[in-house]
Every structure is written in C-alpha cells, then in structure tokens.
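Remember, it's a predicted structure, so these values are computed and weren't measured experimentally.
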Amino acid sequence: MSDPDGMRVLVGYAPDDRGDDALALGARFVRAAEGSLTVANVHPPAWPARGPGSVDAEWVSYLRERSDAALDQALDHLYPLSLRDGVTRRVHAHRGSGRGLIEVARDTGAGLIVIGSAPRGRRGRIAIGSTADQLLHGSPVPVLLAPRGYAEEAPPRFERLTIAYWRHRDAGGPLASAAGFARVLGLPIRLLTLVLRPPGLAARFRGADELMARQLAQAEEGLAQAAALFTDDPDGQAGGSGAGGAGGLGKAAVETEAVVGTGVTAALGSCDMLPGEVLACLSSNDGPLRKVFLGEGSGKIVRAAPCPVLVLPRGAVPSLPSEAQG
C-alpha cells in the first residue's frame, strides 16, 4: 500500500456507475501521489421510533448492511488495481451525502474528496447533483470530480494539470494549492484563461474587435504575471504579488494560454486537452474563505470540461504531506 504519511484521499462511493468512476479516479490519484485511500458510503440517518431518543433497530441494521455491501463491492473493484489491501472503510449516517462526506473528511484528515458525476450527466462530462452541490458549496478541502464513464475510459496516467485562471485578489492561495498538487503528481502546469466574446449583435458593434484585442492582451499579461510566481525562489522574491500575494510557488514547468470563444463551452472546446488532463478550477471570490464555493463562471467550466476537474477552496493552501517530505 502507499505511504500512510502522504496525501489522504477520500472517495465517496455508491454502488453504481458514478461510484465506479470516482473509485477509478481516486485510485489513480492515490497511486500517482503515493497516498492513502479511504472509501466511504453515506446512508440516511435512522428513523425515530417508539418514543423520544429511540430508533428503529431493524432499519439501522438494514442501512448498515447496504453500506457494508457497497463497500465490499468497492474493494472488489480495487483488487485489480492493487489497492484493496490497506484501504480504510467508512460508513456514515447523514441526511445529505455531500455534507456527510465533509464530516468523514474531517474525521479522517483527508486532503481531497473524490466523487463521480450525477447519473443524468452526458458521457465524458460532469453533471452536478445533490452530493456535488453540497460539496461544491462548503467543502473545506479540494473536491475532484470524475466525468461520467471515466472508469471505462480512464487514461493510463495523468499527464498535465491545467489551471483555469483569472486574476483576482484571492487567486494566490488556490494557485499555491494547485502547484502543490502538480508537484505531488509529478505533472507540468498549464495556466489557461478563457476570454469570452459577447454573443449575438453585441459582437458586431463598432469597436468590438478592438475591445476583444484589449481583453486578450490583459489576459496574457495576467497569465505572464501568474507564471512568474512559479520560480525556484523559496521566499517568493522573484514572483511578486500579481496573482493575489501568492509569493513563489516553487520551480515548475509552466505554459500559458489564453483562448477566445463565444461562451465557456466554445472557448474551452477550442483548447487542446491531453488524454490524461486534469483541470483545476478556482472557487468564486464571493464564497467563504478556505472553503469550496462554485460560482456561475466556475460552474460552467466544470460542466463543459472533458476531463476530471479539481475544485480548490478559496484562499486556502491545504497541507500536502507528500510534498513536504519531498
């Protein structure tokens, strides 16, 4: 099994395709990061019965049996991946599966929660259901989402971490967090900014082309400032504070790209994506500090992405034990 002092990964598992997708992605992350894996199933709480403080014992037993059976199935799926031995199992009761996973993450010290797409999602894309909605509006640790069908079409390895970047005052913490994930996984980094062209008649107004040219130039300038933070200066003196005071993020291979498109889907669709791409997305600046909070723009990116998406808490720089040891 992997290093117990490395990254602790929590997979939220249900005995269906979305659970299999999350398990495949979480297992691949654990192998790449040499971390440890916890698989959790969250079931509804017991029903009150026979007076205050009492619960239906038969119902509780049934719920636990179902959760245990689900986790047995998860371990069977992990066996071909050489990860069955040493995996921690957790059964947890909560009215909300996402909020339940947050409690399990706190109890186990997990630094990452992995879940699959909602069942209604298009194949190869991510749909946000109730579990994801709860996690993406309150998780204190990063959330990694697997596209629908990932278990069947997973690439042999991760190849690159692309960070969907826009310049704002709290971008430094998530950038540092993303850089830590890239180091743990041994991945190069691409900083990507989407420059959105106005739709319809607005795009035909006089000066529209000049406006887009200025926005593209500003995006490229912001990308250059953010890329400068990825230096080998441990004190961050070379990088400055152009991305929200991140300081130096450590030496890393970084490329930058700004793309223009009418809408997030079109812009993101024009970007080259490697088979082993992972897309990191920043939380909204309007959300609570040190928690994941998916805004309108980042939500569109998650839904349009053709690869796993890592959503980072606002302003936080989570501890990555594997990185600290290296």
Answer yes or no: is there a donor N or O on one side and an acceptor on the other, between the side chain of R99 and the main chain of G138, under 3.5 Å?
no

Calculate, to the nearest 0.5 Å, the distance between atoms OG1 and CG belonging to T193 and L223 respectively.
3.5 Å

Within the 4.5 Å heavy-atom criterion, are Y13 and H77 side-chain neighbours or not?
yes

Examine distances only and state if a side-chain atom of D21 and a backbone atom of A151 form a donor-acceptor pair shorter than 3.5 Å.
yes

Nearest heavy-atom neighbours spanning V259 and A267:
CG2-O, 3.6 Å

If you compare all heavy atoms of A178 against all heavy atoms of I163, which two are closest, and at what distance to 0.1 Å?
CB-CD1, 3.5 Å

What closest approach, in Å, do A132 and L145 show between heavy atoms, and which atom pair accounts for it?
CB-CD2, 4.1 Å

Distance check, rounded to the nearest 0.5 Å: L63 atom CG versus E58 atom CD?
12.0 Å

Assess whether a salt bridge exists between E277 and R160, defined as any Lys/Arg side-chain N lying under 4.0 Å from an Asp/Glu carboxylate O.
yes

Taking all non-hydrogen atoms of both residues into account, name the closest pair between A280 and L312 and its distance.
CB-CD1, 4.3 Å

Distance-only donor-acceptor pairs under 3.5 Å for side chains of residues 101-113, two or more places apart:
{"residue": "E103", "atom": "OE1", "partner": "H92", "partner atom": "NE2", "Å": "2.6"}
{"residue": "E103", "atom": "OE2", "partner": "H94", "partner atom": "NE2", "Å": "3.4"}
{"residue": "T108", "atom": "OG1", "partner": "V104", "partner atom": "O", "Å": "2.9"}

Going by heavy atoms in the side chains, are I115 and L135 under 4.5 Å from each other?
yes

Distance col, row R90:CZ vs N41:CG, nearest 0.5 angstrom, shows 12.5 Å

Does some side-chain heavy atom of V292 sit less than 4.5 Å from a side-chain heavy atom of H137?
no

Any donor-acceptor N or O pair under 3.5 Å, side chains Y150, D20
no

How long is the gap from CG on L71 to OG1 on T88, to the nearest 0.5 Å?
11.0 Å

For residues E152 and R123, determine if any side-chain heavy atom of one lies less than 4.5 Å from a side-chain heavy atom of the other.
yes

Rounded to the nearest 0.5 Å, the CG atom of L194 sits from the OG1 atom of T265 at a distance of 10.0 Å

Answer yes or no: is there a side-chain heavy-atom contact under 4.5 Å between L191 and L175?
yes

When rounded to the nearest 0.5 Å, the distance separating CD of Q215 from CD of E220 is 12.5 Å

Scanning both residues in full, the closest heavy-atom pair of R28 with P156 reads NE-O, 3.7 Å

R120 (side chain) donor-acceptor with I128 (main chain) under 3.5 angstrom:
yes

Is a donor from one side chain sitting under 3.5 angstrom from an acceptor on the other, for R148 and S117?
no

Within a 6.0 Å radius of atom CG on D17, are there more than 12 heavy atoms belonging to other residues, nucleotides or ligands?
no

Side-chain donor/acceptor pairs under 3.5 Å, residues 294-310, sequence neighbours excluded:
{"residue": "S298", "atom": "OG", "partner": "G295", "partner atom": "N", "Å": "2.9"}
{"residue": "S298", "atom": "OG", "partner": "G295", "partner atom": "O", "Å": "3.3"}
{"residue": "R303", "atom": "NH1", "partner": "G299", "partner atom": "O", "Å": "3.2"}

Nearest heavy-atom approach of S283 to W166 is O-CZ2, 4.2 Å

Should V114 and V9 count as side-chain neighbours, where that means a heavy-atom distance under 4.5 Å?
yes

Quick one, R95 and P45 - any side-chain contact, counting heavy atoms below 4.5 Å?
yes

Measure the shortest side-chain to side-chain distance between M212 and R197 over non-hydrogen atoms and say whether it is less than 4.5 angstrom.
yes

